[in-house]
Amino acid sequence: MGKTLFIDFSLLCEEIGKTAKRKEKIKILSDFLLKLDKEEIGPVLTFLLGKISAEKKLGIREGGIIRIIEKISGKRFSDFLAKTGDFGEAVKEIFYEINRDKIKPALTIKEVYEEFIRISEIKGDFSKEEKEKILTDILERANPLEAKYIVKSIIGEMRHGVKEGLLIESLSFILNIDKKEIERSFLISGDIKKVLFEGLTRGKDGIRDIEFKIFNPLFPMLAETANSIEEAISLHKGKVAIEYKLDGIRAQIHKEGEKVIIFSRNLENITDSFPEIVKEIKKIKVESIVVEGEIIGVDREGKPLPFQYLMRRAGRKRDITFSGIPVKIFLFDILFLNGKLLIDLPYCERRRLLEEIGREIQVVEKFEPERLEDAENYFEKAISLGHEGIMVKNISSPYIPGTRGKNWLKIKKINTLDLVIIGAEWGYGRRKNYLSDLYLGIMDDEKRKIMCVGKTFKGLSDEELKNLTGRLLSLKISQKGRTIFVKPEIVVEVIFDEIQKSPVYDSGFALRFARIKGIREDKGKQDINTISDLKNLYKKQSLLKGKYEEIQGSLL
DNA sequence: CTTGACTGCCC
DNA sequence: ATTCTGC
DNA sequence: GCAGAATGGGCAGTCAAG
């Protein structure tokens, strides 16, 4: 079996994308899912969620696809991308222009999926050429609509409003069981394909049989941002525990016997990058355990290194331990112990268990404030020690995997600067008709020149961006591809978390998580902040953090 | 051997 | 990662 | 309030081309 055509999948996506109503999407999706053969469920979900690249590393994305499409068609891809504002839609239009609508759709889901697996397995010299050859062959057999969704599945830009949440609701509709039950299976297994497969092939029992298994990661619990410490504490009537928010890599660590696996926030296996942490975890003398913590870089004195430097260590395959960036882990939760899942226990009890097993390994400090003032002092202490901020946790909260909620609140130190817009890029998808991504400039007070400190698309509403587009176009000086450069006149107040050294921007710096707080109509470019302001802030920030330079010497 | 484009993955 | 938007 | 969409900086690795 396995005869579902790729064109039917493409038509499904088109139909789902047409409506914004969840109920309608669910109805359409459910009908389609019910018609699939067993072996098609996995591949269809992979395509539907646009997760091919995440699941099988293809090594082809936007760049390779543009090359292929241009070779097949002889057209300039950027022209069509500018017109449509959507990568897949651009491919579709190009395929119409070269009369690919004459092709009778015959590709099957199974076949396309198998070709993708082949692509993912090619490595080494000439691999790019070979990978692109296979994808070219598939696209040569595709009609415009098929090509659109083949490409969209690869780059993961589906834009049809279907993610895991909608799949869960669809399955709940099909099986007529509570959405919560399916959601739990998903969060505990971390595997949406498995949930849908079990549900569609075995029904309710299939869902209920899904249990947590060690070495299958579950989704990490997430925190919301609180506006103030006061708000965070009063929300839980003072019954909170505070921890430092360390700026590193979130790690979920599974151990059974001598076997240890470290998973990242996105459930990637990152064990090989951190051998010394594996060693640490092995010291815990229990049969089986799952703990969670933050891996940070530290200097000789144990001060936390800026995140940028930790990243020189993470993801590294060679010289892992000789890279000069020692790392440490600080645990903050325990999810599983000796065969028992602990996520339904309240925070305070999990914390107690963690401290018991954590005698030989570092656990992040916990502080229970009696008054607001204590909490505020603790926040200041966190910042002065070079941390990102604090986490305020409800002491009676269970661990709810994969969910962002108020049981965990994060508070970070933020900064603002007045900057000027010096350029902008046309948006994609829902923002295709206006300039969306803004280039931010700062005054170089020595050279009397404006330099770039990065880009942002966040903070303004779509409506405000729409209004801004006209103004920016009237200030246009030049253009390069999808980017325009403008006379520096519009001043914006920009919030950001941290200043980073930048290898790309001409100011030499970039703002981490920059977002616009508002347009300062009352200010002109003569009022914006200067590079000296920025350098002073950077210096202040660096004083609190660990020193990387010293260590670098011993490395090279 | 070096450089640059691209990809994948941290935040 | 953060922010905005439609349901 | 939730799920989804739009898009940031920057690191190492891989491969192709010079």
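So you know, we letter chains A, B, ... as the sequences are listed, proteins then strands, and number each from 1.
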- Note on the structure: Comparing Lys455(A) with Lys163(A), nearest DNA chain D nucleotide closer to 5' gives the residue Lys163(A)
- Message: At 4.0 Å (heavy atoms only), tell me whether Arg318(A) reaches a base, stays on the sugar-phosphate, or touches nothing.
- Response: sugar-phosphate
- Taken to the nearest whole Å, CZ/Arg67(A) to C1'/dC15(D) is 10 Å
- Query: The side chain of Ser264(A) lies closest to which of these nucleotides: dG8(B), dC10(B), dC11(B)?
  - Reply: dC10(B)
- Query: Rounded to whole angstrom units, what separation is found between the NZ atom of Lys501(A) and the P atom of dC11(D)?
  - Reply: 11 Å
- Query: Taking the six-membered ring for Trp, is the centroid-to-centroid distance between Tyr538(A) and Phe509(A) below 6.0 Å?
  - Reply: yes
- Message: Measure CD/Glu388(A) against C1'/dC10(B) and give the value in whole Å, please.
- Response: 13 Å
- Message: Using a heavy-atom cut-off of 4.0 Å across all strands, would you classify Glu157(A) as base, sugar-phosphate, or nothing?
- Response: nothing
- Item | Minimum heavy-atom distance Lys25(A)-Ile16(A), with the two atoms named | NZ-O, 3.1 Å
- Picking from dA3(D), dG10(D), dC11(B), the nucleotide nearest the side-chain atoms of Ile249(A) would be dC11(B)
- Item | Length of the line joining Ile16(A):CD1 and dA5(D):C1', which is rounded to integer Å | 16 Å
- Query: For the side chain of Ala510(A), counting heavy atoms from C-beta on, which of dG9(D), dT14(D), dG8(B) is nearest?
  - Reply: dG9(D)
- When you measure from every atom of DNA chain D, which of residues 120-128 of chain A have a heavy atom less than 4.0 Å away? Lys123(A), Gly124(A), Asp125(A), Phe126(A), Ser127(A), Lys128(A)
- Short N-O contact, Glu115(A) and Lys133(A), less than 4.0 angstrom: no
- Excluding sequence neighbours, so at least two apart, what forms side chain to side chain contact (heavy atoms under 4.5 Å, CB included) with Phe513(A)? Lys412(A), Asp497(A), Arg515(A)
- Check every strand shown and say whether Leu310(A) touches a base, only sugar-phosphate, or nothing at a heavy-atom separation below 4.0 Å. nothing
- Task: Round to a whole Å and report the spacing from CG of Asp247(A) to P of dG9(D).
- Result: 17 Å
- Message: Both Val504(A) and Gly165(A) contact DNA chain D. Taking the nearest nucleotide for each, which residue is further toward the 5' end?
- Response: Gly165(A)
- Item | Nearest-angstrom distance from the residue atom CG of Leu167(A) to P of dA3(D) | 13 Å
- Message: Using a 4.0 Å heavy-atom cut-off, does Glu183(A) contact any base of the nucleic acid, only the sugar-phosphate backbone, or nothing at all?
- Response: sugar-phosphate
- Query: Can you find a side chain N or O atom of Arg61(A) that sits less than 4.0 Å from OP1 or OP2 on dC6(B)?
  - Reply: no
- Query: How far apart are the closest heavy atoms of Glu169(A) and Ile26(A), and which atoms are they?
  - Reply: OE1-CD1, 3.3 Å
- Message: Please evaluate residues Arg118(A) and Tyr113(A) with respect to the criterion side-chain hydrogen bond (donor to acceptor under 3.5 Å, both in side chains), reporting the C-alpha separation (whole Å), side-chain torsions for both, the decisive distance (0.1 Å), and the verdict.
- Response: CA-CA 9 Å; Arg118(A) 261 181 74 204; Tyr113(A) 188 74; over 6 Å; no
- Lys432(A)/Asp86(A) salt bridge by N-O under 4.0 Å criterion: no
- Message: Ignoring hydrogens and geometry beyond distance, is a side-chain donor-acceptor pair present between Thr84(A) and Glu89(A) at under 3.5 Å?
- Response: no
- Message: Lys148(A) vs Ser10(A), test: side-chain hydrogen bond (donor to acceptor under 3.5 Å, both in side chains). Steps then yes/no.
- Response: CA-CA 8 Å; Lys148(A) 171 177 171 180; Ser10(A) 309; over 6 Å; no
- Item | Under 4.0 Å protein heavy-atom contact, by nucleotide of nucleotides 1-7 of chain C - B base, S sugar-phosphate only | SBSBS-S
- Note on the structure: Rounded to whole Å, the CD-C1' distance (Glu129(A) to dA5(B)) equals 17 Å
- Message: Strictly below 4.0 Å: does Gln500(A) bring a side-chain N or O up to OP1 or OP2 of dG9(D)?
- Response: no
- Round to the nearest Å and state the distance from Lys131(A) atom NZ to dT7(B) atom P. 11 Å
- Apply ring-ring contact (aromatic ring centres under 6.0 Å, His included) to Phe379(A) and Tyr244(A), showing your working. CA-CA 8 Å; Phe379(A) 177 80; Tyr244(A) 297 136; over 10 Å; no
